[in-house]
Amino acid sequence: MKKILTGLQPTGELTLGNYIGAIKQMKEYQEKYESYLFVADMHSITINQDSKILREKSKSLIALYLACGIDPQKNIIFLQSDNIYHANISWVLECNTYFGELSRMTQFKDKSSKHQNFTAGLFTYPILMAGDILLYDVDYVPVGKDQKQHVELTRDIAQRFNKKYGETFKIPEPLINKVGANIMDLVDPTKKMSKSSENKKGIIQLLDDEKMIRKKIMGATTDSFGKIHYDTQNQPGISNLMTIYASLKNCPIEMVEEQFKDSNYGSFKKEVADLVIDILLPIQTKYRELLNSNQIDDILDHGKDVTTKIACKKYELVKQKVGLGR
Ligand code: TYM
(Lines give C-alpha, C1' and ligand atoms only; values in the text may rest on other atoms or scores of the structure.)
Protein backbone atom coordinates (compact mmCIF):
# COMPACT_ATOMS: atom_id res chain seq x y z
CA MET A 1 0.00 0.00 0.00
CA LYS A 2 1.35 3.46 -0.88
CA LYS A 3 2.10 5.79 2.01
CA ILE A 4 1.18 9.44 2.54
CA LEU A 5 2.16 11.91 5.22
CA THR A 6 1.37 15.49 6.02
CA GLY A 7 1.56 17.93 8.94
CA LEU A 8 0.01 21.23 9.98
CA GLN A 9 1.38 23.83 12.33
CA PRO A 10 -0.65 24.37 15.49
CA THR A 11 -0.18 28.13 15.35
CA GLY A 12 -3.10 30.51 14.97
CA GLU A 13 -6.55 29.26 14.05
CA LEU A 14 -6.77 26.89 11.12
CA THR A 15 -8.38 28.39 8.07
CA LEU A 16 -10.60 27.16 5.28
CA GLY A 17 -7.39 27.18 3.18
CA ASN A 18 -5.77 24.62 5.51
CA TYR A 19 -8.94 22.54 5.44
CA ILE A 20 -9.28 22.49 1.67
CA GLY A 21 -5.55 22.32 0.90
CA ALA A 22 -4.57 19.61 3.39
CA ILE A 23 -7.12 18.12 5.80
CA LYS A 24 -9.85 17.40 3.29
CA GLN A 25 -7.32 15.67 1.05
CA MET A 26 -6.13 13.49 3.92
CA LYS A 27 -9.71 12.57 4.70
CA GLU A 28 -10.23 11.36 1.16
CA TYR A 29 -6.87 9.59 0.85
CA GLN A 30 -7.15 7.78 4.18
CA GLU A 31 -9.37 5.29 2.39
CA LYS A 32 -6.66 4.12 0.01
CA TYR A 33 -3.25 4.93 1.50
CA GLU A 34 -1.33 4.15 4.65
CA SER A 35 -1.63 7.60 6.22
CA TYR A 36 0.47 9.59 8.65
CA LEU A 37 -0.80 12.90 9.95
CA PHE A 38 1.01 14.97 12.53
CA VAL A 39 1.04 18.26 14.39
CA ALA A 40 4.14 20.21 13.39
CA ASP A 41 4.69 21.90 16.75
CA MET A 42 8.46 22.08 16.25
CA HIS A 43 7.92 24.13 13.12
CA SER A 44 5.81 26.56 15.12
CA ILE A 45 8.67 27.63 17.38
CA THR A 46 10.57 29.04 14.42
CA ILE A 47 8.69 32.16 15.44
CA ASN A 48 7.99 33.32 18.97
CA GLN A 49 5.21 31.38 20.76
CA ASP A 50 3.54 31.43 24.16
CA SER A 51 4.41 27.98 25.56
CA LYS A 52 1.07 27.40 27.28
CA ILE A 53 -0.94 28.39 24.24
CA LEU A 54 1.24 26.32 21.91
CA ARG A 55 0.71 23.19 24.00
CA GLU A 56 -3.04 23.74 24.13
CA LYS A 57 -3.20 24.36 20.41
CA SER A 58 -1.27 21.21 19.60
CA LYS A 59 -3.85 19.12 21.42
CA SER A 60 -6.78 21.00 20.04
CA LEU A 61 -5.46 20.50 16.52
CA ILE A 62 -5.79 16.76 17.03
CA ALA A 63 -9.41 17.28 18.08
CA LEU A 64 -9.91 19.32 14.94
CA TYR A 65 -8.39 16.61 12.73
CA LEU A 66 -10.81 14.09 14.20
CA ALA A 67 -13.76 16.46 13.94
CA CYS A 68 -12.92 17.00 10.26
CA GLY A 69 -13.30 13.28 9.64
CA ILE A 70 -9.75 12.03 10.05
CA ASP A 71 -10.19 8.47 11.30
CA PRO A 72 -7.66 7.40 13.96
CA GLN A 73 -8.12 3.80 12.84
CA LYS A 74 -6.97 4.72 9.35
CA ASN A 75 -4.26 7.24 10.21
CA ILE A 76 -1.23 7.26 12.43
CA ILE A 77 -1.70 10.58 14.21
CA PHE A 78 1.23 12.00 16.17
CA LEU A 79 2.93 15.03 17.63
CA GLN A 80 6.20 15.92 15.93
CA SER A 81 8.01 16.78 19.19
CA ASP A 82 7.00 13.40 20.67
CA ASN A 83 9.44 11.81 18.27
CA ILE A 84 13.08 12.77 18.85
CA TYR A 85 14.23 11.43 15.49
CA HIS A 86 12.74 14.35 13.56
CA ALA A 87 15.26 16.75 15.06
CA ASN A 88 18.06 14.18 14.87
CA ILE A 89 17.70 13.48 11.20
CA SER A 90 17.21 17.14 10.51
CA TRP A 91 20.81 17.83 11.59
CA VAL A 92 22.22 15.24 9.21
CA LEU A 93 20.10 16.62 6.39
CA GLU A 94 21.23 20.16 7.24
CA CYS A 95 24.75 19.01 6.57
CA ASN A 96 23.60 17.85 3.15
CA THR A 97 21.72 20.98 2.11
CA TYR A 98 23.19 24.13 0.62
CA PHE A 99 22.77 27.61 2.01
CA GLY A 100 21.85 28.81 -1.50
CA GLU A 101 19.00 26.30 -1.74
CA LEU A 102 17.46 27.52 1.51
CA SER A 103 17.92 31.14 0.49
CA ARG A 104 15.72 30.53 -2.52
CA MET A 105 12.70 29.35 -0.52
CA THR A 106 9.93 31.86 -1.19
CA GLN A 107 8.25 31.27 2.16
CA PHE A 108 11.49 32.11 3.96
CA LYS A 109 11.92 35.29 1.91
CA ASP A 110 8.37 36.22 2.68
CA LYS A 111 8.40 35.49 6.41
CA SER A 112 11.88 36.87 7.09
CA SER A 113 10.93 40.15 5.45
CA LYS A 114 8.15 40.54 8.04
CA HIS A 115 10.46 40.15 11.08
CA GLN A 116 13.36 42.40 11.93
CA ASN A 117 15.18 39.68 13.77
CA PHE A 118 14.33 36.20 12.61
CA THR A 119 15.71 32.90 13.90
CA ALA A 120 18.05 30.44 12.23
CA GLY A 121 15.17 27.97 12.63
CA LEU A 122 13.04 29.99 10.24
CA PHE A 123 15.81 29.56 7.68
CA THR A 124 16.37 25.82 8.22
CA TYR A 125 12.64 25.05 8.64
CA PRO A 126 12.35 23.27 5.24
CA ILE A 127 15.04 20.79 6.31
CA LEU A 128 13.07 19.79 9.39
CA MET A 129 10.17 19.29 7.02
CA ALA A 130 12.36 17.14 4.77
CA GLY A 131 13.21 15.04 7.82
CA ASP A 132 9.53 14.65 8.70
CA ILE A 133 8.91 13.22 5.27
CA LEU A 134 12.05 11.17 4.64
CA LEU A 135 11.93 9.27 7.94
CA TYR A 136 8.84 7.41 6.78
CA ASP A 137 9.62 6.48 3.15
CA VAL A 138 6.37 8.01 2.00
CA ASP A 139 5.19 8.05 -1.59
CA TYR A 140 3.10 11.21 -1.49
CA VAL A 141 2.84 14.39 0.55
CA PRO A 142 -0.59 16.06 0.31
CA VAL A 143 -0.09 19.82 0.66
CA GLY A 144 -1.34 23.16 -0.62
CA LYS A 145 0.60 25.01 -3.31
CA ASP A 146 2.58 27.10 -0.81
CA GLN A 147 4.40 23.97 0.42
CA LYS A 148 5.25 22.58 -3.02
CA GLN A 149 8.68 24.19 -3.08
CA HIS A 150 9.52 22.60 0.29
CA VAL A 151 8.56 19.14 -0.96
CA GLU A 152 10.67 19.73 -4.07
CA LEU A 153 13.61 20.64 -1.86
CA THR A 154 12.99 17.43 0.10
CA ARG A 155 13.29 15.49 -3.15
CA ASP A 156 16.54 17.24 -4.02
CA ILE A 157 18.03 16.56 -0.59
CA ALA A 158 16.97 12.89 -0.72
CA GLN A 159 18.34 12.40 -4.22
CA ARG A 160 21.65 14.00 -3.27
CA PHE A 161 21.91 11.90 -0.13
CA ASN A 162 21.13 8.68 -2.01
CA LYS A 163 23.77 9.50 -4.61
CA LYS A 164 26.40 10.27 -2.02
CA TYR A 165 25.74 7.49 0.50
CA GLY A 166 23.78 4.88 -1.46
CA GLU A 167 20.04 4.17 -1.54
CA THR A 168 18.59 5.42 1.77
CA PHE A 169 15.44 7.46 1.17
CA LYS A 170 12.34 7.04 -0.94
CA ILE A 171 11.78 10.06 -3.20
CA PRO A 172 8.38 11.56 -2.29
CA GLU A 173 6.02 13.43 -4.56
CA PRO A 174 3.84 16.38 -3.59
CA LEU A 175 0.13 15.67 -3.93
CA ILE A 176 -1.61 18.89 -4.80
CA ASN A 177 -5.31 19.32 -5.45
CA LYS A 178 -6.30 20.39 -8.96
CA VAL A 179 -8.84 22.73 -7.42
CA GLY A 180 -8.30 24.40 -4.05
CA ALA A 181 -4.53 24.15 -3.66
CA ASN A 182 -4.33 27.87 -3.12
CA ILE A 183 -7.31 29.44 -1.39
CA MET A 184 -6.95 33.20 -1.45
CA ASP A 185 -7.68 35.91 1.10
CA LEU A 186 -11.27 37.19 0.89
CA VAL A 187 -10.32 40.84 1.25
CA ASP A 188 -7.18 40.74 -0.89
CA PRO A 189 -7.67 37.81 -3.28
CA THR A 190 -4.22 38.29 -4.76
CA LYS A 191 -2.59 36.84 -1.62
CA LYS A 192 -3.13 33.43 -0.01
CA MET A 193 -5.54 32.94 2.87
CA SER A 194 -3.13 32.63 5.77
CA LYS A 195 -3.72 31.97 9.46
CA SER A 196 -1.14 34.60 10.32
CA SER A 197 -2.97 37.26 8.32
CA GLU A 198 -3.57 40.44 10.30
CA ASN A 199 -6.93 41.30 8.78
CA LYS A 200 -9.20 38.49 10.03
CA LYS A 201 -11.96 39.63 7.66
CA GLY A 202 -10.06 38.00 4.83
CA ILE A 203 -9.79 34.55 6.40
CA ILE A 204 -12.43 32.00 7.35
CA GLN A 205 -11.30 30.28 10.52
CA LEU A 206 -12.62 26.77 10.98
CA LEU A 207 -14.02 27.80 14.35
CA ASP A 208 -15.69 31.04 13.21
CA ASP A 209 -19.38 31.13 14.11
CA GLU A 210 -22.15 31.11 11.54
CA LYS A 211 -22.73 34.85 11.62
CA MET A 212 -19.06 35.60 11.19
CA ILE A 213 -18.64 33.18 8.27
CA ARG A 214 -21.62 34.71 6.49
CA LYS A 215 -20.42 38.24 7.11
CA LYS A 216 -16.94 37.50 5.81
CA ILE A 217 -18.14 35.77 2.65
CA MET A 218 -20.84 38.34 1.89
CA GLY A 219 -18.17 41.04 2.32
CA ALA A 220 -15.59 39.31 0.09
CA THR A 221 -13.95 41.54 -2.50
CA THR A 222 -15.29 41.00 -6.01
CA ASP A 223 -15.19 43.21 -9.14
CA SER A 224 -17.39 45.26 -11.41
CA PHE A 225 -17.78 42.70 -14.22
CA GLY A 226 -20.92 41.31 -12.61
CA LYS A 227 -20.40 37.88 -14.17
CA ILE A 228 -19.64 34.60 -12.42
CA HIS A 229 -16.67 33.65 -14.51
CA TYR A 230 -13.38 31.95 -13.61
CA ASP A 231 -10.54 34.32 -14.41
CA THR A 232 -7.93 34.56 -11.64
CA GLN A 233 -6.18 37.42 -13.40
CA ASN A 234 -9.09 39.83 -13.86
CA GLN A 235 -11.64 38.44 -11.40
CA PRO A 236 -9.54 37.00 -8.55
CA GLY A 237 -12.20 37.48 -5.86
CA ILE A 238 -15.04 35.77 -7.65
CA SER A 239 -12.67 33.05 -8.94
CA ASN A 240 -11.60 32.37 -5.35
CA LEU A 241 -15.22 31.97 -4.22
CA MET A 242 -15.81 29.64 -7.17
CA THR A 243 -12.77 27.61 -6.11
CA ILE A 244 -14.04 27.35 -2.54
CA TYR A 245 -17.45 26.24 -3.78
CA ALA A 246 -16.05 23.71 -6.28
CA SER A 247 -13.61 22.23 -3.74
CA LEU A 248 -16.25 21.77 -1.08
CA LYS A 249 -18.72 20.29 -3.56
CA ASN A 250 -16.02 18.15 -5.20
CA CYS A 251 -17.02 19.36 -8.62
CA PRO A 252 -15.15 21.02 -11.52
CA ILE A 253 -15.02 24.84 -11.73
CA GLU A 254 -16.82 24.67 -15.11
CA MET A 255 -19.84 23.17 -13.38
CA VAL A 256 -19.93 26.07 -10.91
CA GLU A 257 -19.70 28.54 -13.78
CA GLU A 258 -22.57 26.82 -15.60
CA GLN A 259 -24.73 26.52 -12.47
CA PHE A 260 -24.42 30.20 -11.56
CA LYS A 261 -24.21 31.76 -15.00
CA ASP A 262 -27.43 33.73 -14.46
CA SER A 263 -26.85 34.62 -10.79
CA ASN A 264 -25.67 37.90 -9.38
CA TYR A 265 -22.75 38.16 -6.95
CA GLY A 266 -25.02 38.56 -3.92
CA SER A 267 -26.94 35.34 -4.49
CA PHE A 268 -23.78 33.41 -5.39
CA LYS A 269 -22.06 34.59 -2.22
CA LYS A 270 -25.08 33.46 -0.22
CA GLU A 271 -24.80 29.96 -1.74
CA VAL A 272 -21.09 29.85 -0.93
CA ALA A 273 -21.74 30.97 2.65
CA ASP A 274 -24.51 28.36 3.09
CA LEU A 275 -22.21 25.62 1.87
CA VAL A 276 -19.27 26.65 4.07
CA ILE A 277 -21.59 26.87 7.10
CA ASP A 278 -23.12 23.45 6.32
CA ILE A 279 -19.65 21.94 6.36
CA LEU A 280 -18.08 23.82 9.25
CA LEU A 281 -20.85 23.82 11.86
CA PRO A 282 -20.96 20.03 12.34
CA ILE A 283 -17.14 20.03 12.53
CA GLN A 284 -17.30 22.64 15.29
CA THR A 285 -19.86 20.67 17.30
CA LYS A 286 -17.77 17.53 17.07
CA TYR A 287 -14.60 19.44 17.90
CA ARG A 288 -16.09 20.71 21.17
CA GLU A 289 -17.15 17.20 22.14
CA LEU A 290 -13.70 15.79 21.45
CA LEU A 291 -11.62 18.54 22.96
CA ASN A 292 -11.73 17.29 26.52
CA SER A 293 -11.85 13.57 25.90
CA ASN A 294 -9.05 11.14 26.84
CA GLN A 295 -9.16 9.92 23.30
CA ILE A 296 -6.62 12.52 22.21
CA ASP A 297 -3.89 11.36 24.59
CA ASP A 298 -4.51 7.73 23.69
CA ILE A 299 -4.19 8.54 20.01
CA LEU A 300 -0.98 10.48 20.56
CA ASP A 301 0.55 7.75 22.73
CA HIS A 302 -0.13 5.22 20.01
CA GLY A 303 1.22 7.59 17.32
CA LYS A 304 4.38 8.16 19.34
CA ASP A 305 4.99 4.40 19.73
CA VAL A 306 4.44 3.52 16.11
CA THR A 307 6.36 6.42 14.59
CA THR A 308 9.28 6.22 17.00
CA LYS A 309 9.96 2.64 15.94
CA ILE A 310 9.87 3.48 12.24
CA ALA A 311 11.89 6.67 12.62
CA CYS A 312 14.52 5.05 14.84
CA LYS A 313 15.20 2.41 12.23
CA LYS A 314 15.64 4.97 9.48
CA TYR A 315 17.81 7.21 11.63
CA GLU A 316 20.10 4.30 12.55
CA LEU A 317 20.50 3.54 8.86
CA VAL A 318 21.36 7.19 8.19
CA LYS A 319 23.90 7.22 11.02
CA GLN A 320 25.53 4.11 9.66
CA LYS A 321 25.70 5.54 6.12
CA VAL A 322 27.19 8.82 7.27
CA GLY A 323 29.65 7.34 9.74
CA LEU A 324 28.12 8.54 12.98
CA GLY A 325 28.21 6.48 16.17
CA ARG A 326 30.57 3.69 17.12
P1 TYM B 1 0.90 25.08 7.41
O2 TYM B 1 0.59 24.78 8.83
O3 TYM B 1 1.29 26.47 7.05
O4 TYM B 1 -0.31 24.68 6.50
C5 TYM B 1 -0.91 23.40 6.60
C6 TYM B 1 -1.39 22.93 5.24
O7 TYM B 1 -2.37 23.83 4.73
C8 TYM B 1 -2.02 24.20 3.39
N9 TYM B 1 -2.48 25.57 3.16
C10 TYM B 1 -3.29 25.94 2.16
N11 TYM B 1 -3.85 25.25 1.16
C12 TYM B 1 -4.66 25.93 0.30
N13 TYM B 1 -4.90 27.27 0.39
C14 TYM B 1 -4.34 28.00 1.38
N15 TYM B 1 -4.59 29.29 1.47
C16 TYM B 1 -3.49 27.34 2.32
N17 TYM B 1 -2.80 27.75 3.41
C18 TYM B 1 -2.18 26.66 3.91
C19 TYM B 1 -0.50 24.12 3.37
O20 TYM B 1 0.00 24.01 2.06
C21 TYM B 1 -0.26 22.88 4.19
O22 TYM B 1 -0.43 21.73 3.40
N23 TYM B 1 5.56 23.31 6.84
C24 TYM B 1 4.16 22.95 6.87
C25 TYM B 1 3.86 21.87 7.89
C26 TYM B 1 4.74 20.67 7.74
C27 TYM B 1 4.60 19.64 6.77
C28 TYM B 1 5.66 18.72 7.04
C29 TYM B 1 3.71 19.39 5.72
C30 TYM B 1 5.79 20.38 8.53
N31 TYM B 1 6.34 19.21 8.10
C32 TYM B 1 5.83 17.58 6.28
C33 TYM B 1 3.90 18.24 4.97
C34 TYM B 1 4.94 17.35 5.24
C35 TYM B 1 3.32 24.17 7.23
O36 TYM B 1 3.80 25.08 7.84
O37 TYM B 1 2.00 24.07 6.88
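When a ligand or atom number is given, it counts from 1 through the structure's own listing order. Side-chain atoms are counted along with the backbone in the values below, which use heavy atoms only and exclude waters and symmetry mates.
Counting only N and O atoms by type, the side chains of Asn199 and Ser197 include no donor and acceptor under 3.5 Å apart.
Close approach of ligand 1 to Ala22 (heavy-atom distance below 4.0 Å) involves ligand atoms 6 (C), 7 (O), 22 (O). In summary, the atoms of ligand 1 found under 4.0 Å from a heavy atom of Gly180, numbered by their order in the structure, are 12 (C). Every atom of ligand 1 with a heavy atom of Ala181 under 4.0 Å away is listed here by number and element: 11 (N), 12 (C), 13 (N). The Gln9 neighbourhood of ligand 1 comprises atoms 2 (O), 35 (C), 36 (O), with distances under 4.0 Å to a heavy atom of that residue. Near Val141, meaning under 4.0 Å from any of its heavy atoms, are these atoms of ligand 1: 33 (C), 34 (C). The contact set between ligand 1 and Tyr125, taken as ligand atoms under 4.0 Å from a residue heavy atom, comprises 23 (N), 24 (C), 35 (C), 36 (O). Near Thr6, meaning under 4.0 Å from one of its heavy atoms, ligand 1 places the atoms 29 (C), 33 (C).
The protein heavy-atom contact nearest to atom 4 (O) of ligand 1 is Asn18 ND2, 3.3 Å. Looking at atom 1 (P) of ligand 1, its nearest protein heavy atom turns out to be Lys195 NZ, 3.9 Å. Scanning the protein for heavy atoms near atom 26 (C) of ligand 1, the closest one is Gly7 O, 3.7 Å. Residue, atom and distance of the protein heavy atom nearest to atom 10 (C) of ligand 1 are Gly17 O, 3.4 Å.
No single ILVMFWY cluster, assembled from side-chain heavy atoms under 4.5 Å apart, contains both Val187 and Met242.
Contact check for Glu34 versus Ile4: no side-chain heavy atoms found under the 4.5 Å cut-off. Taking the side chain as every heavy atom from C-beta outward, Asp132 and His43 approach each other to under 4.5 Å.
Proximity annotation for atom 21 (C) of ligand 1: of Gln147, Lys24, Lys192, Gln147 comes nearest, heavy atoms only.
Listed by first and then second residue, the ring-ring contact (aromatic ring centres under 6.0 Å, His included) pairs that reach into residues 44-96 are Phe38-Phe78, Phe78-His86, Phe78-Tyr136, Tyr85-Tyr315, His86-Tyr136, sequence neighbours excluded.
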